[in-house]
Every structure is written in C-alpha cells, then in structure tokens.
Amino acid sequence: MRSKVTIVGAGNVGATAAQRVFDRGYADVVLVDIVEGLPQGKALDMLESGPVLGSDALAFGSNGYGDTAGSDVVVVTSGIARKPGMSRDDLLLTNMRIVSSVVEEVAGHSPGCILLVVTNPLDAMAQRAYELSGFPKNRVVGMAGILDTARFRSFVAAELNVSVDAVSAFVLGGHGDTMVPVIGSAFVGGTPLSKLLPSERIDEIVQRTRDGGAEIVNLLKTGSAFYAPSAAIAQMVESILFDKKEILPCTAYLEGEYGIDGLYVGVPVKLGAGGVEEIIEFDLTEDEDAALRRSAAAVRELVDVMARASEAN
Ligand code: APR
C-alpha cells in the first residue's frame, strides 16, 4: 500500500515538493491550501502527468482537511514568503498564526503523523508546531539544514570542479544569519575541506551560504527559493517513509544536547520511520560551539516574541 503525504500550502515550495514526491510514485499526495481551486488544479495537473512519468500515485487537492486524514507525513509550507529587504524573522507573527491554525487541523486529522515544518522563520515555527500539536518531540521536525548544507555543497563543488556527491558537509544552527557551517565536518572525497581551500576562501563560501536565501529572493523579487527547499523536503520524506535512518541536518527539539535545552535548533539527526530517532552530537570547535549557542539564542528570542504575542491575544 502506498503511503500518504499531505502538503499544506500549494504555493511554490509546497506544490514543487508535492510534485517531487508524486513523481517518485511511492506515496499518494494531498495538497491543501486556502485558495479555492489552487490545490485542486495543481493536484489534477500532477495526476495527469502520472502516465507519462510512470507514477501510479494519486494526487488530490483540497481546501479542507477531511482528505488528509491518516497521513503518514504532513509537510507544512503554508505562510507568506520573503520579499526583497525582508528577513525570515519579519514573517514571524503572520506565519505563527497560519502555522498554528494548520497544526491544529493536522493534529486532529492525522494524530499519528510525522510533522515536517518548512514555513519560516523555520526554527520558531517548528517550536510552535511542537507545542500546539501535543506530538512527542521525535514526530515534529523542521527542514532547513539540508537546504543550507546543499547550498554550501554546491558552492564548494563548483569551486573545486568536483561532483556534488564528493562533497559532504553539515550546516547546523538556526535557519538564518546565525547558521553554523561546521568546517570540521566538510570533506571532499575523504579529504578535509580545510586542506583544499584557504580559510579566507572558505569564509567567503560560508558567507554566500548564509546569504543564500536572500541571494535568490533578490533575484526573484516576488518570492523566495523553492527548487532546493522542495528537494530537501523530498529527501526527508523519503528517509522517513523508507525508514532509511539517514544522518541529516534537521531542526530538532533539544533537551540538553549541545548544551541547549527546550528549543528547536538545526543539528545532525538520524531520520527514520520514527521521525527524529536520535540527535547526533558532533565534536565542535570552541568557536563553532559558541556560534551554535548564539544561533540558539536568536531562535529563543523569536520564541519569546511569539509567546508574548500569544499572551496579548
Ligand atoms: N492554510 C493553507 N494554506 C495557506 C494558509 C493557510 N492557513 N495561509 C496561506 N496559505 C498558502 C497560500 O495561499 C500560498 O498558496 O500558502 C502558500 C504559500 O505559497 P507561496 O506564497 O508560494 O510561498 P512559498 O514560496 O511556497 O513559501 C512558503 O516556505 O520556505 C518557506 O519562507 C517560505 O514561509 C515560506 C513558506
């Protein structure tokens, strides 16, 4: 029997993620949006691509949650995206309200699902989803680290003229200006990156990675990235549905790991059928450790703003 994946938000990220999952054929896809006709139209178009692609999966669009019932994985992409000049944090309160209403519906209709949060500011939205869903921490996970790491790996591969497959790396921390590329975890075909590039060049690549989302927003002008984000979502969905137990940088709830307690932050995790099955603790340098804590503090500030806004309502 095929699995069932619901994707909430039929915009750029959600619809492209739905397409990537549908194309592989192993899961039926339900696309949900508040805009009438949008999820229905995109899902029908997707379904009609099945005979050409060889996918027997079903794709269905809806403005409600009845058809999402019993989903194995629910991906939350609903919300507003950045425009030039905006930071991810500028989206906070609007997206908090959207994510809150969505998570209540999802928790009611798919109480056993794994909730994959994508809406920005990601770490804060994952925290919100965890608190509102009542799900155990392993079943609420955020997508950011794979995307940030993919950007870093792309730039390194281009710089060294090697396959992206040869480049392994981990970008941890919050999904924002405080993200933490762990240079000690970056290898190219087994050789440490630090032996292949001068540190000034690595610093430049790190900075471009940090600004990677803004670089695309500035080019697109009317929205933010979606090809790479949706590819990262599909990788996470696959690791969960096939119980692959990949070690991936994801946003997970920490309870003391890395010295951080009670907060969603990007760390390496083992991702399988149980969701976040383990938090992997890397050896960090003193600088990286300090950067991760700074990053966590930035996430904590957003979480506090959300708490104050909720109290005021
Ligand atoms: N329920 C369902 N869908 C909603 C809701 C809601 N309450 N509110 C908004 N949406 C839908 C919008 O109608 C829109 O179709 O979410 C979709 C968002 O799509 P885009 O505007 O294209 O944004 P996108 O680029 O997909 O980004 C979505 O992912 O990467 C993050 O920062 C990005 O937070 C943003 C999110």
Side-chain angles (χ1 to χ4, degrees), residues 6-21 30-43 45-46 60-68 71 74-110 115-129 132 141-148 150-151 174-177 179 211-234 236 250-251 266 302 306:
T6 286
I7 301 190
V8 185
N12 279 337
V13 176
T16 317
Q19 181 192 355
R20 291 193 191 281
V21 173
V30 184
L31 200 51
V32 177
D33 203 286
I34 42 168
V35 178
E36 254 177 62
L38 181 73
Q40 292 88 344
K42 288 192 178 180
D45 194 12
M46 226 172 278
F60 192 80
S62 177
N63 300 117
Y65 287 81
D67 296 300
T68 71
S71 293
V74 177
V75 184
V76 179
T77 77
S78 47
I80 54 166
R82 281 198 282 175
K83 303 231 162 47
M86 287 172 95
S87 81
R88 293 184 180 93
D89 297 355
D90 292 334
L91 312 173
L92 184 70
L93 293 181
T94 305
N95 282 352
M96 175 190 90
R97 284 186 274 276
I98 293 173
V99 167
S100 302
S101 65
V102 167
V103 165
E104 275 173 15
E105 293 280 5
V106 169
H109 287 85
S110 298
L115 200 45
L116 204 172
V117 183
V118 179
T119 303
N120 274 312
L122 186 273
D123 313 85
M125 292 304 122
Q127 184 98 12
R128 184 74 178 174
L132 276 186
V141 60
M143 187 293 290
I146 300 175
L147 168 62
D148 295 329
R151 287 181 173 143
H175 186 44
D177 299 336
M179 67 180 74
D211 297 337
E215 186 176 357
I216 289 175
V217 170
N218 289 334
L219 288 166
L220 293 179
K221 295 184 183 66
T222 54
S224 54
F226 55 99
Y227 290 119
S230 58
I233 294 168
M236 289 176 73
C250 299
T251 303
L302 297 183
M306 289 196 302

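Atoms within a ligand are numbered from 1 in the order they appear, just like the ligands themselves.
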Check step by step if side-chain contact (heavy atoms from CB on, under 4.5 Å) holds for M125 and M96. CA-CA 6 Å; M125 292 304 122; M96 175 190 90; 4.1 Å; yes
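What you find for A225 and V13 is that their closest heavy atoms are O-CG2, 3.6 Å. Smallest separation of non-hydrogen atoms from A129 and L115: CB-CD2, 4.3 Å. What you find for R82 and A214 is that their closest heavy atoms are NH2-N, 3.6 Å. Scanning all heavy atoms of the two residues, the minimum distance from I233 to A17 falls at CD1-CB, 3.9 Å.
Judged by distance alone, the side chains of T6 and T68 never bring a donor and an acceptor atom under 3.5 Å apart.
Ligand 1 places these atoms under 4.0 Å from at least one heavy atom of I98: 5 (C), 6 (C), 7 (N), 8 (N). Of all the atoms in ligand 1, the ones that sit under 4.0 Å from a non-hydrogen atom of L38 are 15 (O). Within ligand 1, counting atoms from 1 as listed, the ones closer than 4.0 Å to a heavy atom of N95 are 34 (O). Each of the following atoms of ligand 1 lies closer than 4.0 Å to a heavy atom of T119: 34 (O). Here is the list of ligand 1 atoms found below 4.0 Å of a heavy atom in V35: 13 (O). Against a heavy-atom cut-off of under 4.0 Å, V102 is close to the following atoms of ligand 1: 1 (N).
Of all protein heavy atoms, the one lying nearest to atom 32 (O) of ligand 1 is N120 ND2, 2.9 Å. What sits closest to atom 23 (O) of ligand 1 on the protein, heavy atoms only, is A81 CB, 3.8 Å. Protein heavy atom nearest atom 22 (O) of ligand 1, with residue, atom name and distance: N12 N, 2.9 Å. Nearest non-hydrogen protein atom to atom 19 (O) of ligand 1 is G11 CA, 3.2 Å.
Using a distance-only test at 3.5 Å, with no hydrogens or angles considered, a donor-acceptor pair links the side chain of Q40 to the main chain of G37. No donor-acceptor pair under 3.5 Å is formed between the side chain of D89 and the backbone N or O of P121.
Taking each of A225, G79, S230 in turn, the one with a heavy atom nearest to atom 21 (O) of ligand 1 proves to be G79. Among G213, S100, S78, the residue whose heavy atom lies closest to atom 4 (C) of ligand 1 is S78. Taking each of I80, T77, N63, V13 in turn, the one with a heavy atom nearest to atom 35 (C) of ligand 1 proves to be I80.
How far CZ of R128 is from CG of N95: 12.0 Å, rounded to the nearest 0.5 Å.
Any N or O atom pair closer than 3.5 Å counts here, and Y65 shares no such pair with ligand 1. Checking only distances, D33 does come within under 3.5 Å of ligand 1, N or O to N or O.
Here the side chains of H175 and N120 are in contact, with some heavy-atom distance below 4.5 Å.
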